[in-house]
Amino acid sequence: MRRGGTSRAWAGACAAPLAAALLTGLTVTGCDTTGSGHTGRDPSAAADGGRTASPSPRVTSDEDLCAALVGHWSREVLDGGTYGDYQSMGLSGGQYEILREVVDSARAAKRQGADDVGGLIDREAREGCVEWYRAGGPGEGPWQ
């Protein structure tokens, strides 16, 4: 009778399928360059060692991110899709105040039959966020 552990025969029988599964997993989860702008080696780019230039990633400003979040959630609230806790929306307290003002304006415009309530939301969200960041933006802590 053997003590503890697995037999060598069992380990040997499992090693090959396990290795194949790991290699398959690595192959399946490998990086995909589709849509990334990477076209592989460019033979006409011999001067730079055959590499192609790729554009720098676009950096989103704080104001742009704020306006996108406030605009998105303002539409959701206006459509009755949600009216939850501002933290569950991923908003700070200041962003939530902007959202409340935007939604109030959008509701009033909708009641008056405005055609472009979405445009109003975008403009007011942007203006509110720009003004908020000019005044100092988020305070101390994650939800200011």
Side-chain angles (χ1 to χ4, degrees), residues 4-7 9-144:
T6 59
S7 71
W10 183 84
C14 291
L18 180 60
L22 287 173
L23 287 174
T24 301
L26 290 174
T27 303
V28 169
T29 61
C31 294
D32 178 17
T33 59
T34 305
S36 68
H38 179 73
T39 58
R41 188 177 175 104
D42 181 1
S44 66
D48 69 351
R51 295 182 303 256
T52 59
S54 62
S56 298
R58 181 174 176 266
V59 176
T60 305
S61 71
D62 292 337
E63 292 87 352
D64 288 344
L65 182 58
C66 172
L69 286 170
V70 170
H72 168 78
W73 287 112
S74 294
R75 284 177 176 80
E76 290 288 322
V77 170
L78 187 64
D79 293 339
T82 185
Y83 203 87
D85 176 299
Y86 68 95
Q87 292 175 347
S88 68
M89 295 179 193
L91 300 175
S92 69
Q95 291 168 331
Y96 187 67
E97 290 301 316
I98 298 166
L99 174 135
R100 291 177 54 194
E101 292 174 14
V102 170
V103 170
D104 288 345
S105 294
R107 280 189 180 132
K110 197 172 180 180
R111 275 193 305 269
Q112 295 172 359
D115 292 333
D116 190 19
V117 175
L120 173 78
I121 289 172
D122 291 337
R123 283 189 306 279
E124 290 203 4
R126 162 136 317 276
E127 290 168 7
C129 289
V130 167
E131 182 179 315
W132 184 54
Y133 273 95
R134 279 191 189 141
E140 294 297 317
W143 301 112
Q144 296 299 315

For this session: Count the heavy atoms of every other residue, nucleotide or ligand shown that sit under 6.0 Å from CG of Asp115, and state whether that count exceeds 12.
Result: no

Exercise. How close do Ala125 and Gly71 get, heavy atom to heavy atom, and via which atoms?
Worked result: CB-N, 4.0 Å

Exercise. Charged N to carboxylate O under 4.0 angstrom, Glu131 versus Arg134?
Worked result: no

Exercise. At what distance, to the nearest 0.5 angstrom, does NZ of Lys110 lie from CD1 of Ile121?
Worked result: 8.5 Å

Seminar exercise, completed: Taking every heavy atom of Tyr86 against every heavy atom of Gly93, the minimum-distance pair comes out as CE1-N, 3.6 Å

Problem set entry | Close side-chain approach of Asp62 to Pro138, heavy-atom, < 4.5 Å | no

Problem set entry | Residue pair Ser74 / Leu99: nearest heavy atoms and the distance that separates them | N-CD1, 3.7 Å

Exercise. What is the minimum heavy-atom distance between Leu78 and Ala106, and which atoms define it?
Worked result: CD2-CB, 3.8 Å

Exercise. Does the side chain of Val77 reach to within under 4.5 Å of the side chain of Arg107, using non-hydrogen atoms?
Worked result: yes

Exercise. When rounded to the nearest 0.5 angstrom, what distance separates CD in Gln95 from CE in Met89?
Worked result: 11.5 Å

Exercise. Does any non-hydrogen side-chain atom of Val102 lie less than 4.5 Å from one of Arg75?
Worked result: no

Exercise. Under 3.5 Å, side chain of Trp132 to main-chain N/O of Ile98, donor-acceptor pair present?
Worked result: no

Problem set entry | Validation row: Asp104, Glu101 side chains within 4.5 angstrom (heavy atoms) | no

For this session: Looking only at non-hydrogen atoms, find the nearest pair between Gly90 and Leu69 and report the distance.
Result: O-CD1, 4.3 Å

